[in-house]
Amino acid sequence: MIPVSAPLIGEEELENVVDCIKRGEISGTVKDDYIEKFESCVCQQCGKKYGVATTSGTTALALAVASLNIKSGDEVIVPAFTNIATAFAAVYVGAKPVFVDSEALTWNIDPNKIEEKITSATKAIIPVHIYGHPADMDSIMKMAKKHNIYVIEDAAEAQGATYKDKAVGGIGHIGCFSFYANKLITTGEGGMVVTDDIDIAEKARLLRNLAFSSREKFLHKYIGYNFRMTNLQAAIGVAQMKRLETHCNMKRQIAQKYHDRLSKVPKLQLPVEMAWAKNVYWMYGVVLRQETPTRDDIRTKLEAKGIETRNFFRPLHRQPAFLDLGISSKEDSLPVSELLGQRGFYLPSGPALSDTQIDFICDALKECLDVN
Ligand SMILES: *Cc1c(COP(=O)(O)O)cnc(C)c1O
């Protein structure tokens with residue numbers, strides 16, 4: 001089976017982990033070790049001052065929302081087309097995620113549809129750089145400024161991508177990364193909150209560690225969490241950060257090869273790269289332009305040939321978890337995300353994919369679509 005993704009992990013990762021184990025520095029509370037090094041590597045890459053490493057991208061988003069003191073009664077604007085973790089971050093603190101439709105071309109949150117969703121309860125927008133393509137950050141930042149709300153970038157799928165030459169994750173008030181095994185770099189599981197705001201960073205550090213206060217350890221002013229990344233994970237992350245640029249370039253080359261082979265297939269919509277963007281093509285997605293053959297038929301045929309694919313996100317306003325809570329309703333209509341959810345899927349996109357495999361995948365896909 002050609003997998004949709006497989007991580008690349010090298011000798012240095014191994015050596016760093018062995019080093020932690022030999023010294024017994026394995027937890028998430030070690031001082032001046034891989035955790036701080038990893039935080040500063042990630043910050044340096046995205047141009048932020050402070051990094052707070054966490055257990056996952058999901059907990060990074062949750063920590064970001066909690067650090068802004070967002071709570072019950074507040075609203076947080078998120079795209080309907082994203083990993084559900086983006087919206088869960090709001091729900092965990094009792095706030096309401098408010099869903100916005102996507103742009104048809106980039107699949108990212110449509111900036112023209114945000115303002116109509118802003119109310120006096122809106123505290124933050126979480127744009128997501130979907131599948132590696134940056135969201136339209138200038139429009140989003142401008143709107144946030146006008147309405148005095150925070151922007152938390154969910155850069156889980158786009159570490160290394162740039163928007164007008166600025167690294168994603170470094171543009172909003174807060175950026176969040178994931179280091180899950182299939183992301184641009186990995187620590188197995190892991191995440192990070194980055195910001196230039198010292199108060200937000202300190203609050204995030206405090207809440208990450210059960211809100212143990214620094215003055216009197218067992219005195220707690222806030223409801224905290226244990227979202228601490230272990231030193232073992234950070235040790236992997238320090239070595240992985242050296243590979244980020246290479247991984248991004250590999251993904252970009254794979255995307256170019258797919259593009260060369262598929263751009264003349266009228267039945268497929270392919271990923272784009274806007275003039276102001278550097279797309280890192282985390283996953284190479286395609287969207288069917290017509291109903292037949294159906295996505296399921298195509299995916300089944302590809303699977304029979306040993307090609308793993310995955311459906312695009314199912315839009316969040318249609319998720320039972322949110323319908324049951326009354327966060328969304330059956331009548332809500334966000335047509336672009338719905339179409340993407342029905343007709344989109346992604347092809348194998350692991351950085352180690354070979355030319356022969358790409359040829360094989362594209363030939364198989366064309367055969368399913370009756371293209372010679
Ligand atoms: C992967 C991902 C997350 C969640 O990260 P985990 O590390 O898996 O918890 C959040 N948002 C987006 C857009 C993602 O792709």
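These numbers were taken from a predicted model, which means no experiment stands behind them. Counting starts at 1 for both ligands and their atoms, in listed order.
Partner Phe313 forms a ring-ring contact (aromatic ring centres under 6.0 Å, His included) with one of Tyr131, Phe345, Trp107 and no other, that one being Tyr131. The residue from His247, Lys183, Glu13 that alone fulfils the side-chain hydrogen bond (donor to acceptor under 3.5 Å, both in side chains) condition with Gln240 is Glu13.
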Donor-acceptor pairs under 3.5 Å, side chain of residues 70-78 to any protein atom, not counting sequence neighbours: which ones?
{"residue": "Asp74", "atom": "OD1", "partner": "Lys123", "partner atom": "NZ", "Å": "3.0"}
{"residue": "Asp74", "atom": "OD2", "partner": "Lys71", "partner atom": "N", "Å": "2.8"}
{"residue": "Glu75", "atom": "OE1", "partner": "Thr119", "partner atom": "OG1", "Å": "3.0"}

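Between Lys203 and Asp199 no salt bridge is recorded (no basic side-chain N to carboxylate O distance below 4.0 Å). Taking the charged nitrogens against the carboxylate oxygens, Arg252 and Glu273 do have a contact shorter than 4.0 Å, which makes a salt bridge.
Geometrically, Lys251 does not engage Tyr281 in a cation-pi contact defined by less than 6.0 Å to the ring centre and at most 45° from the axis.
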Quick check on ligand 1: any N or O pairs to the protein under 3.5 Å? One line per pair.
{"residue": "ligand 1", "atom": "5 (O)", "partner": "Ser178", "partner atom": "OG", "Å": "3.3"}
{"residue": "ligand 1", "atom": "7 (O)", "partner": "Gly57", "partner atom": "N", "Å": "2.7"}
{"residue": "ligand 1", "atom": "7 (O)", "partner": "Ser178", "partner atom": "OG", "Å": "2.7"}
{"residue": "ligand 1", "atom": "9 (O)", "partner": "Gly57", "partner atom": "N", "Å": "3.3"}
{"residue": "ligand 1", "atom": "9 (O)", "partner": "Thr58", "partner atom": "N", "Å": "2.9"}
{"residue": "ligand 1", "atom": "9 (O)", "partner": "Thr58", "partner atom": "OG1", "Å": "2.5"}
{"residue": "ligand 1", "atom": "11 (N)", "partner": "Asp154", "partner atom": "OD1", "Å": "3.4"}
{"residue": "ligand 1", "atom": "11 (N)", "partner": "Asp154", "partner atom": "OD2", "Å": "2.8"}
{"residue": "ligand 1", "atom": "15 (O)", "partner": "Glu157", "partner atom": "OE2", "Å": "2.5"}
{"residue": "ligand 1", "atom": "15 (O)", "partner": "Lys183", "partner atom": "NZ", "Å": "3.1"}

